Amino acid sequence: MKLKRYTDIGLEVSAGLLLAIALLLTFTVSDYYIFNRISEYGFIFTLSQWVKKAGLLLIPLAVYYNKKCCADIAKYVLPVFVIISCCTFGSFFDATAITETSTPAQLVFAHINEFMPKAANMALFFVSNALYIIICAGLFIRDGYKVNAKSFIWLPFAFVACMPLNIFENFFDINEIPADSFLRFKNFTVWHALAIIVLAGFTVASYYFLRNKDKRTQDGFLIAGAIVMLIQYHSKDSMVMGDGYNVYNTIFACIPLFICNIGVYVAALSVIIKKRITYSISFFVHAAGAISVFVYFGRDEISNYGIFCSYSILYFCATHCLLFALSVLPSALGHYKFRLKDCIIPLVYYLCVIIIASVASALVTSASMEFSYNGYVLDESEYILPNYAFTQINPLPFEVPLVGLTIWRYDLSVLYILGLYAFYVGIFAVFNIFYYSFLFIRKKLLHRKIQVPELQAEAAATNDENQE
């Protein structure tokens, strides 16, 4: 009994440390830099790193939620690829965004981004590998050597769910694709329509897949979805420092002050801790926010979308689809029914987020006015505009008169920010109307399902009486 207790504690502590180190490693260029350079870093090593990403999904489910299928996969698959990664890392720790053609500004940004020393990167890499092995050994002690062959059916799903989304960039060079190519993703193109279809299709399919399952199973799938969302979300940490994400290429873009970035944490937390307050914020703020950016992606000239299968597009669609689904499914499945008063806290929360995001945007931009490296200081056109929660750059196709408020060295448009808040409040109101319409329709349908069998039974009884 004591052995089991100590094993459980050891597993929980080791898994927690592994997840913390995995998060720190995303703030290195090398973490995701290798996946669109398979020929450079080697197929075997790249594959081993991919399997380890899948391990970040399997291990929490196996350790904290006692999912036997995940434990079976982890303890027999992960150790092999962990050992391979220790033997085949090659030039992995030397990955850098600096090239012979890097501009002085790019050198400034690289100096900021590549803040983690190589020795620290290597130490964290090998410590995380040791933790993988320790956890797998703990799973053997806890569960024994026997496995259910059916457990391995879930391995491909874990592998695909944690797919590095820049892996398709091995097959094309974005610089060789014309700006007016059909493959380019822009507003109101076939790819835009496809993104909306995927959002709706994924959410509806998830609902129908889960609706007839018991609550424990539903919770398990929602938690797995939350972990996948967090893994994919944090891939951006490494990407902005290496190849860039959309128009962002500095570590400051990883600060979670974009509305949907905060939503990733809130939605994940809501399905894990199951508190009404986190559900209501996730539902009323982040579901509405996620669906609004699918309807309109912002002005083309302030975005660098790439083509439909480039990292920026796949990352955006994957994380926002998961965010929307995780925000609405608990309510759709009947776990929570919101009241009008549940809207108050989300509206106050969103106001606080707008204020914090505005101030943080101004502070980062002001600080960047003095960024330098080897004597070169950024000029005005190179200042960093993190644009948290769209507080600096207006994504709408019309301008707002400037009514300025200076924070440190940067002027914020107060009128625009107030209008932005009012605009999103309007979106939340419309979303709320759709929610209560959905509840009304569902109630009618459920009532009808109950009534029809009762009427049929009544009719059959009447028919029997008449025959007698």
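On a predicted model such as this, the values are computed, not experimentally measured, just so you know.
Each ring pair (Phe, Tyr, Trp, His ring centres under 6.0 Å) pair with one or both residues in residues 193-216, not counting sequence neighbours, appears once here: F209-F221. Sorted pairs that involve residues 227-236 and meet salt bridge (charged side-chain N to carboxylate O under 4.0 Å, His left out), not counting sequence neighbours, are lacking altogether. Sorted by first then second residue, the salt bridge (charged side-chain N to carboxylate O under 4.0 Å, His left out) pairs that include residues 238-248, not counting sequence neighbours, are R37-D243.
Contacts of K213 classified as salt bridge (Lys or Arg N to Asp or Glu O under 4.0 Å), with partners at least two apart in sequence or in another chain: none. Remark: S437 pairs with no residue by the side chain to side chain donor-acceptor pair (under 3.5 Å) rule, at least two apart or across chains. With sequence neighbours left out, D173 forms a side-chain contact (heavy atoms from CB on, under 4.5 Å) with N175, E176. For the salt bridge (Lys or Arg N to Asp or Glu O under 4.0 Å) test, no residue two or more places apart in sequence or in another chain qualifies with K67. Residues meeting the ring-ring contact (aromatic ring centres under 6.0 Å, His included) test with F89, sequence neighbours left out: F93, F126. Remark: D379 engages S381 in a side chain to side chain donor-acceptor pair (under 3.5 Å) (not counting sequence neighbours). Take T391 and apply the side chain to side chain donor-acceptor pair (under 3.5 Å) test, not counting sequence neighbours, and it matches S361.
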Can you give the donor-acceptor pairs under 3.5 Å from side chains of residues 348-358 to other protein atoms, not counting sequence neighbours?
unit_1 : atom_1 : unit_2 : atom_2 : d
Y349   : OH     : H286   : NE2    : 2.7
S358   : OG     : I354   : O      : 2.7

Can you give each donor-acceptor pair under 3.5 Å made by side-chain atoms of residues 287-294, sequence neighbours left out, with the distance rounded to 0.1 Å?
unit_1 : atom_1 : unit_2 : atom_2 : d
S292   : OG     : A288   : O      : 3.4
S292   : OG     : G289   : O      : 2.7

